[in-house]
Amino acid sequence: MSDNMDLYPDLNLGDIIKILKKKDGERLNNAVYSADGVDVVCDFSYKDDGDFYHNFDIYYKNPKSKNRPTVIMIHGGGLVYGTKELNKQMGIYLAKFGFNVVNISYRLLPSVTLKEQFMDVCDAFSYIYENSYKLNLNADKIFLVSDSAGSFLTLAAFAVMKDKNFRRIFNLSARNIDISAMVFISPMTHLLESGSLSLINEPARCGLNDEEKSFTDNILKAFESINLPSSIVITSKEDFIRDQAKSLKNFLEERDIKNIFLDFKKTDDYPLGHGFPVFHPDLAESRVVLNEISDFFNSF
């Protein structure tokens, strides 16, 4: 049985985006947290074109140390919504565990194509890697943390980096960067077949040929000849795409890839919905997630 539920029945995509902007605006405006012990440096650019969506932040635990592991965060938003600001609070919390955290934005559908989104994420990874010395980042130990549609783009970008057949299919190229491990929070691995959020399908598939479209049905098809690194997959009983997280977990298990699967139960006190560690990092369950991520990354 599918875990999918329709979060926004009978709404169009524009109305859904307005609701998300309002909810996240309120959340971000009301967030109270301390950045003590973390140096927050905002709005670097990974492409010199003046586009706001090509910016990234760095949250340094120690900006003078190039030895601390680098964590790159890729936000969600259904491919059509969001910026790095959505993940800022969680990124600062992760930095407090001893990491230098890079938090990136990318351009959104339908202003660009899905392939251009793949390229944005690849370009961000390449710029951060190639400029690591200047940015005081460790290029030898890079971890990726993504949520929701950010996980879809992260998987695609990883495939572009690692698989020549995937590069051929999409006519893309990218620098091959070693990634030590990954974290997927409420990951999206394919487009929804029905429901209000299936409204992203048309802009996502726009301009793709039949071979390319097959990967929007399951981005894990890109990993027939390559393996993912060790990973954590995080979901909850109230996650509307929990089935996709379970599919990713099963994929890792079938290939004997080291993984941790965190599946949180429903509580009586507050919801633990889609992407809860990102949107509500102060929750006790989110602290469990942050501790698991820290311990996992420090094991490499």
Side-chain angles (χ1 to χ4, degrees), residues 69-76 79 87 94 99 102 104 106 114 117-126 128-129 139-170 172-191 212 214-235 239 241-263 275 277-278 289 292-300:
T70 300
V71 175
I72 303 177
M73 299 189 74
I74 307 91
H75 72 83
L79 306 173
N87 292 39
L94 266 179
F99 307 106
V102 184
I104 72 168
Y106 51 84
L114 185 65
Q117 291 186 307
F118 292 175
M119 204 67 252
D120 276 359
V121 177
C122 287
D123 287 345
F125 293 170
S126 294
I128 292 160
Y129 179 84
D140 296 323
K141 193 169 285 189
I142 296 176
F143 301 99
L144 303 181
V145 175
S146 61
D147 64 280
S148 194
S151 294
F152 184 90
L153 295 177
T154 297
L155 288 164
F158 189 86
V160 173
M161 290 194 298
K162 301 295 180 180
D163 187 76
K164 63 181 180 181
N165 187 52
F166 194 76
R167 290 195 295 272
R168 176 193 62 78
I169 290 169
F170 281 91
L172 295 172
S173 62
R175 178 162 190 151
N176 187 357
I177 299 168
D178 287 334
I179 304 299
S180 298
M182 293 185 179
V183 170
F184 300 98
I185 300 170
S186 296
M188 170 181 144
T189 59
H190 57 269
L191 301 181
E212 293 166 339
S214 70
F215 292 96
T216 64
D217 297 329
N218 184 359
I219 193 63
L220 296 176
K221 292 178 182 177
F223 297 91
E224 291 181 355
S225 61
I226 56 173
N227 272 332
L228 287 166
S230 300
S231 299
I232 298 179
V233 180
I234 300 156
T235 188
D239 185 354
I241 54 170
R242 177 170 172 259
D243 60 335
Q244 300 195 30
K246 292 192 293 185
S247 292
L248 177 55
K249 185 258 187 188
N250 291 337
F251 177 90
L252 296 168
E253 292 283 349
E254 289 165 3
R255 286 155 182 78
D256 293 323
I257 298 170
K258 178 183 176 182
N259 71 90
I260 297 172
F261 184 61
L262 303 177
D263 187 8
V278 174
V289 169
E292 286 279 359
I293 292 173
S294 176
D295 291 345
F296 188 65
F297 287 171
N298 283 321
S299 71
F300 290 88

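Distance check: L114 CG to F215 CZ gives 12.0 Å after rounding to the nearest 0.5 Å. Distance check: L191 CG to L79 CG gives 7.0 Å after rounding to the nearest 0.5 Å. For the atom pair CG of L252 and CD1 of I260, the computed distance is 11.5 Å after rounding to the nearest 0.5 Å. Annotation: the span from M188 atom CE to L155 atom CG amounts to 10.0 Å, rounded to 0.5 Å. Between I226 atom CD1 and K162 atom NZ the span is 8.0 Å, to the nearest 0.5 Å. In this structure, K258 NZ and E253 CD are separated by 13.0 Å, a value rounded to the nearest 0.5 Å.
Within a 6.0 Å sphere centred on NZ of K164, heavy atoms belonging to other residues, nucleotides or ligands number 12 at most.
The main-chain N or O of V160 is found under 3.5 Å from a side-chain atom of R167 such that the two form a donor-acceptor pair. Looking only at distances, a side-chain donor or acceptor of S231 sits under 3.5 Å from a matching main-chain atom of P229. The backbone N or O of G76 lies less than 3.5 Å from a partner atom in the side chain of D147, making a donor-acceptor pair.
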In sequence, state the C-alpha distance, the side-chain angles, and the governing distance for M182 and F158, and then conclude on side-chain contact (heavy atoms from CB on, under 4.5 Å). CA-CA 11 Å; M182 293 185 179; F158 189 86; 3.2 Å; yes
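By the side-chain contact (heavy atoms from CB on, under 4.5 Å) test, N165 pairs with D163, R168, I169, sequence neighbours left out. Annotation: side-chain contact (heavy atoms from CB on, under 4.5 Å) contacts of R175 (sequence neighbours excluded): S126, Y129, E130, I177. The side-chain contact (heavy atoms from CB on, under 4.5 Å) search around S186 returns D239, H274, not counting sequence neighbours. Under the rule for a side-chain contact (heavy atoms from CB on, under 4.5 Å), the partners of N227 that lie at least two apart in sequence or sit in another chain are R255, I257. Residues meeting the salt bridge (charged side-chain N to carboxylate O under 4.0 Å, His left out) test with K141, sequence neighbours left out: none.
Using a 4.5 Å heavy-atom cutoff, the side chains of I234 and P277 are in contact. Counting heavy atoms from C-beta outward, L262 and I232 have side chains that approach closer than 4.5 Å. Contact annotation: the side chain of F125 approaches that of I74 to within less than 4.5 Å [non-hydrogen atoms, C-beta and beyond].
Residue I72 is tested with T154, I179, L144, V145 for a side chain to side chain contact (heavy atoms under 4.5 Å, CB included); the sole match is L144.
The aromatic rings of H75 and Y106 sit parallel, their planes meeting at an angle under 30°, below the 60° perpendicular limit.
The two residues A245 and T235 come nearest to each other via the heavy atoms CB-CB, 3.6 Å. When all heavy atoms of T189 and Q244 are compared, the pair lying nearest together is N-OE1, 2.6 Å. D217 and H190 get closest at one heavy-atom pair: O-CB, 2.8 Å. What you find for L228 and F223 is that their closest heavy atoms are CD2-CE2, 3.6 Å. Counting all heavy atoms, side chain and backbone alike, F166 lies closest to I219 at CZ-CD1, 4.1 Å. Closest of all the heavy-atom pairs between A156 and F118 is CB-CE2, 3.3 Å.
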Considering only distance and modelled atom types, tabulate donor-acceptor pairs under 3.5 Å from the side chains of residues 292-300, sequence neighbours left out.
unit_1: S294; atom_1: OG; unit_2: N298; atom_2: ND2; d: 3.3
unit_1: N298; atom_1: ND2; unit_2: S294; atom_2: O; d: 3.0
unit_1: S299; atom_1: OG; unit_2: F296; atom_2: O; d: 2.5

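Checked for salt-bridge contact, K246 and D263 miss the test: no charged N lies under 4.0 Å from a carboxylate O.
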